[in-house]
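Counting from 1, the numbers follow the sequence of the chain as shown. Computed over heavy atoms, backbone and side chain alike; hydrogens, waters and symmetry mates excluded.
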Amino acid sequence: MQHSIGDDKTNKLDSIDMMSGQSSPVLTDPSPLKDSRVGIHPSFIPYSQSGTSLSTAMYIPIPKKKPSKVEDVLSNGWLDAMKASSPPRKRLFLKDFNVGVSSDDGEVAYSSWMIKHPSALSSFKQITNFANGKKIAIFLDYDGTLSPIVDDPDRALMSAEMRSAVRNVAKYFPTAIISGRSRDKVYDLVGLPELYYAGSHGMDIVGPEHKALYGHSNAINSLDQQQVKYDPSPHFSSSHNIDPRWIVIVRIQFMSFDLQDKEVSLFQPATEFLPMIDEVFRTLVEITKDIEGAKVENHKFCTSVHYRNIDEKNWPIIAQRVHDILKNYPRLRLTHGRKVLEVRPVIDWDKGKAVEFLLESLGLSNSDDVLPIYIGDDRTDEDAFKVLREKSQGYGILVAPVPKETKALYSLRDPSEVAKLPILATPFCFLVKQFLNALVKWREQNHKRTKWSTI
Ligand SMILES: O=P(O)(O)OC[C@H]1O[C@H](O[C@H]2O[C@H](CO)[C@@H](O)[C@H](O)[C@H]2O)[C@H](O)[C@@H](O)[C@@H]1O
């Protein structure tokens, strides 16, 4: 497998949520997921669909619509979606960080789009004017935001400068990473114990003590604190006979970093899906092993099938196989990310819900003096942008090299595109880092107190 960085594959006209069916003047969603959630005879379903204790309110309703006998990913739009995540090679260069005019077609389109979604850097003064006197909370996506998009997901590393920028931001503002990766993996990649982490698209959250939930029947309150490892097993939940949407106040030991213990809440709204995800992961590994370049990742509460390194002529094969498997799992759904098919439970939980949960945990929800800022690049980040927009609270910032439909208010251009500028020596994630550093500088210049907890 080839591992390269900064090629046209880093282009971000991709990540189409097949569930949304949202139409866009810029980026069309070729197919809502119609057929992977179909009803089939229960005897064909590896994990029973009945007997769940998870509140049905959490589920996204499964359409009753009888599926057509679609065996072909060509006719249901999967392949179109996969191709849309690989736009034709087009090099876009950044003249400056402001809206500007360029002779290049793409640049003109980008400029007019940026009038709607101005650069968070050029609008920095406006942002900080509004932020003055408010409590800021920072939410960061990982892949494509803090790390560059590369061929091998295991090599998507943050630069030391980016780590330092995130560490500094976390000194002043509560900061959480919200990723599609498993919480463990993203924690290993970021390596900053002072942050909060939401893995599996928000289905696995380690956040601050959720005080509002003390006394909740499904919570173990502070008096019942358990000494558990960083990642307690699902058996921990069942041994206490609590709902799968368990919230446990635990004392987490950051063994690997040998740092302080800290009290946190662990929230996992999809624990009952663990065996199913594990089973589907193993099946997906099996059915893709003869396809060169295929890679399947287990993210605990969801699983990813990467086709970035698969010859395009084999995309219909992998799409068809994944499609066939998912027909057996009506309680799983599929979304499209950046050259990746993401399989996740059909529950009403996403990055947006994770942001709401964390804000509540931080005691920062429903308050006019709070300014959440979410930076992300992918379709799954739109759920978070949407929450902020609907609450009229805070700012979504989309990292994007090309115009695309977004609920984010501001934009930052794809760092990998910036890296192509000869004048800039610093490679990836330049703009995100620059924005975070600017926030820190602004905070240091404007406030004497140092720790966010004292604000
Ligand atoms: O929510 P995120 O933190 O952005 O995670 C989304 C997916 O990120 C990873 O895949 C993407 O990045 C890889 C490394 O650059 C790249 O090779 C891949 O093509 C991208 O889709 C991760 O590997 C996925 O499992 C996540 O779902």
Just to verify, what does His117 make a ring-ring contact (aromatic ring centres under 6.0 Å, His included) with, not counting sequence neighbours?
Trp113
Ignoring hydrogens and angles, tell me if any N or O in the side chain of [X] forms a donor-acceptor pair with the backbone of [Y] under 3.5 Å.
X      : Y      : answer
Trp349 : Pro269 : no
Arg181 : Pro153 : yes
Thr128 : Lys125 : yes
Ser200 : His299 : yes
Thr288 : Ile291 : no
Thr283 : Phe281 : no
Ser304 : His306 : no

Given Lys300 and Lys185, is the side chain to side chain contact (heavy atoms under 4.5 Å, CB included) satisfied, shown in steps?
CA-CA 10 Å; Lys300 193 165 178 174; Lys185 273 188 206 163; over 6 Å; no
So which heavy atom on [X] is nearest to which on [Y], and how close?
X      : Y      : value
Ile136 : Pro174 : O-CD, 3.3 Å
Met162 : Thr145 : CE-O, 3.8 Å
Val206 : Tyr196 : O-CB, 3.3 Å
Arg379 : Glu405 : NH1-O, 4.1 Å
Pro193 : Tyr187 : CB-OH, 3.7 Å
Ile318 : Ala294 : CD1-CB, 3.9 Å

Run the side chain to side chain contact (heavy atoms under 4.5 Å, CB included) test on Phe357 and Phe267 for me, step by step, so that the C-alpha distance in whole Å, both residues' side-chain angles and the decisive distance to 0.1 Å come before the verdict.
CA-CA 9 Å; Phe357 180 88; Phe267 183 64; 3.5 Å; yes
Given the rule in the ring-ring contact (aromatic ring centres under 6.0 Å, His included) test, do Tyr172 and Trp442 qualify, once you have shown the distances and angles that lead to the verdict?
CA-CA 11 Å; Tyr172 297 112; Trp442 166 78; 9.8 Å; no
Would you say that [X] contacts [Y] through its side chain, given a criterion of any heavy-atom pair below 4.5 Å between the two side chains?
X      : Y      : answer
Asn168 : Leu436 : no
Ile347 : Phe273 : yes
Arg443 : Val169 : no
Leu146 : Val166 : yes
Ile138 : Leu140 : yes
Arg167 : Val440 : no
Gln434 : Leu121 : yes
Tyr197 : Ile178 : no

So, Glu297 and Thr303: side-chain donor and acceptor under 3.5 Å apart, yes or no?
no
Can you see whether His336 engages Glu342 through a side-chain donor-acceptor pair at a distance of less than 3.5 angstrom?
no
Hey, could you give me the [atom1]/[atom2] distance between [X] and [Y], rounded to the nearest 0.5 Å?
X      : Y      : atom1 : atom2 : result
Lys289 : Ile287 : NZ    : CD1   : 11.0 Å
Leu439 : Ile127 : CG    : CD1   : 8.0 Å
Leu341 : Thr335 : CG    : OG1   : 8.5 Å
Ser119 : Leu431 : OG    : CG    : 7.0 Å
Asp378 : Ile149 : CG    : CD1   : 7.5 Å
Met276 : Arg331 : CE    : CZ    : 4.5 Å

Sequence neighbours left out, what passes side chain to side chain contact (heavy atoms under 4.5 Å, CB included) with Arg389? Give chain and number order.
Lys407, Leu409
For Leu388, check side chain to side chain contact (heavy atoms under 4.5 Å, CB included) against everything at least two apart and list the hits.
Val355, Pro372, Tyr374
Please evaluate residues Tyr307 and Glu312 with respect to the criterion side chain to side chain donor-acceptor pair (under 3.5 Å), reporting the C-alpha separation (whole Å), side-chain torsions for both, the decisive distance (0.1 Å), and the verdict.
CA-CA 8 Å; Tyr307 55 93; Glu312 198 169 332; over 6 Å; no
For Asp369, is the CG atom crowded, meaning more than 12 foreign heavy atoms sit under 6.0 Å from it?
yes
Could you tell me whether [X] and [Y] make a salt bridge, using a distance below 4.0 angstrom between a side-chain N and a carboxylate O?
X      : Y      : result
Lys353 : Asp348 : yes
Lys351 : Glu356 : no
Lys295 : Asp151 : no
Glu390 : Lys386 : yes

Side chain to side chain contact (heavy atoms under 4.5 Å, CB included), that's the test. Do Leu364 and Lys135 meet it? Break it down for me.
CA-CA 8 Å; Leu364 298 180; Lys135 293 168 191 159; 3.7 Å; yes
Could you go through Asp152 and Asn309, starting from their C-alpha distance and side-chain angles, then the distance that decides it, and tell me whether this counts as side chain to side chain contact (heavy atoms under 4.5 Å, CB included)?
CA-CA 9 Å; Asp152 180 356; Asn309 302 310; 5.8 Å; no
Test side chain to side chain donor-acceptor pair (under 3.5 Å) applied to Asn437 - qualifying residues, sequence neighbours left out
none
Pair listing, ring-ring contact (aromatic ring centres under 6.0 Å, His included) test, anchored in residues 118-142, at least two apart
Phe124-Phe435, Phe130-Tyr395
For the salt bridge (Lys or Arg N to Asp or Glu O under 4.0 Å) test, which of Asp377, Asp141, Asp381 pairs with Arg338?
Asp377
Going by salt bridge (charged side-chain N to carboxylate O under 4.0 Å, His left out), name the residues that satisfy it together with Glu292, two or more places apart in sequence or in a different chain.
none
